[in-house]
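Chain identifiers are assigned alphabetically (A, B, ...) following the order of the sequence lines, protein sequences preceding nucleic acid strands; residue numbering begins at 1 within each chain.
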Amino acid sequence: DGGITQSPKYLFRKEGQNVTLSCEQNLNHDAMYWYRQDPGQGLRLIYYSQIVNDFQKGDIAEGYSVSREKKESFPLTVTSAQKNPTAFYLCASSQGTGYTFGSGTRLTVV
Amino acid sequence: AQSVAQPEDQVNVAEGNPLTVKCTYSVSGNPYLFWYVQYPNRGLQFLLKYITGDNLVKGSYGFEAEFNKSQTSFHLKKPSALVSDSALYFCAVKWEYGNKLVFGAGTILRVKS
């Protein structure tokens, strides 16, 4: 079955560490997205990519970085510059008006 | 700029009663509108979308939504609520020429038996 796989499901980060969240899709979608979810704030766009080797900042890109070296993969790095990284992170892909979401990664700072 | 408002943080309804979850939007040009549902610690599941055509859109699990251009609204409805409908519901909008989905803050639906 086609879909989006996010890993890991749970991730713990120490203060000052960088961590990378994985997102892989086998839907052959051109566009991919990273959203952050906090209680009561909905989903906020971090970064998105419409084609390989190209990506744009979303509304809350500070403290995050991405790469899009392959169509199938769009990893998100949460850097030490992100001061409040504890959140639920969702990856999505789209083709036309069809959007598919992964099952999410919950990141906690310890 | 695109924006979505879900004016109710929570909606409570008795099982078997009709339910409505409200959504209003702001976007330049023609809107593409979506509803998603989320269960705890899970991703988003697609319910329905409006692109063009009939203003009443039917979707998964008996849900429907009505696009009202004059009121810039896209309320989610179901004739008879189930306890299993209890979840977090998100409305989203995108501009017809863009890819980015913009989400509302979400509405918690609680259906009591």
When hydrophobic residues are tied together by side-chain contacts of less than 4.5 Å, even through go-betweens, does [X] share a cluster with [Y]?
| X | Y | result |
| --- | --- | --- |
| A:Tyr33 | B:Val102 | no |
| A:Ile60 | A:Leu107 | yes |
| A:Phe88 | B:Phe103 | yes |
| A:Trp34 | A:Val78 | yes |
| A:Val66 | A:Val19 | yes |

So what's closer than 4.5 Å to chain A heavy atoms on B:Asp9: side chain, backbone, both or neither?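 Neither part; nothing is under 4.5 Å.
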For chain A, which residues of [range] have heavy atoms nearer than 4.5 angstrom:
| range | answer |
| --- | --- |
| residues 54-90 of chain B | B:Leu88, B:Phe90 |
| residues 104-113 of chain B | B:Gly104, B:Ala105 |
| residues 24-49 of chain B | B:Tyr32, B:Phe34, B:Tyr36, B:Gln38, B:Asn41, B:Arg42, B:Gly43, B:Leu44, B:Lys49 |

Please check if the number of heavy atoms outside A:Glu62 that lie under 6.0 Å from its CD is greater than 12.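 Check fails, neighbour count at 12 or below.
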Exceeds 12 heavy-atom contacts within 6.0 angstrom, atom NZ of B:Lys22: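 Count not over threshold, so no.
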A:Leu45 portion near chain B, given a 4.5 angstrom heavy-atom threshold: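 For A:Leu45, side-chain heavy atoms alone lie under 4.5 Å from chain B.
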Could you look at A:Gln37 and say if it's the side chain, the backbone, both or neither that has a heavy atom under 4.5 Å from chain B?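 Only the side chain of A:Gln37 comes within 4.5 Å of chain B.
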Minimum heavy-atom separation for B:Lys100 to A:Tyr48, with atom names?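 B:Lys100 and A:Tyr48 have their closest heavy atoms at CD-CE2, 3.4 Å.
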How many angstroms lie between atom OH of A:Tyr35 and atom CG of B:Leu101, to the nearest 0.5 angstrom?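 A:Tyr35 atom OH to B:Leu101 atom CG measures 4.5 Å (nearest 0.5 Å).
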May I have all residue pairs that pass side-chain hydrogen bond (donor to acceptor under 3.5 Å, both in side chains) and include part of residues 4-22 of chain A, sequence neighbours excluded?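 Every pair satisfying side-chain hydrogen bond (donor to acceptor under 3.5 Å, both in side chains) with a residue in residues 4-22 of chain A: A:Thr20-A:Thr77.
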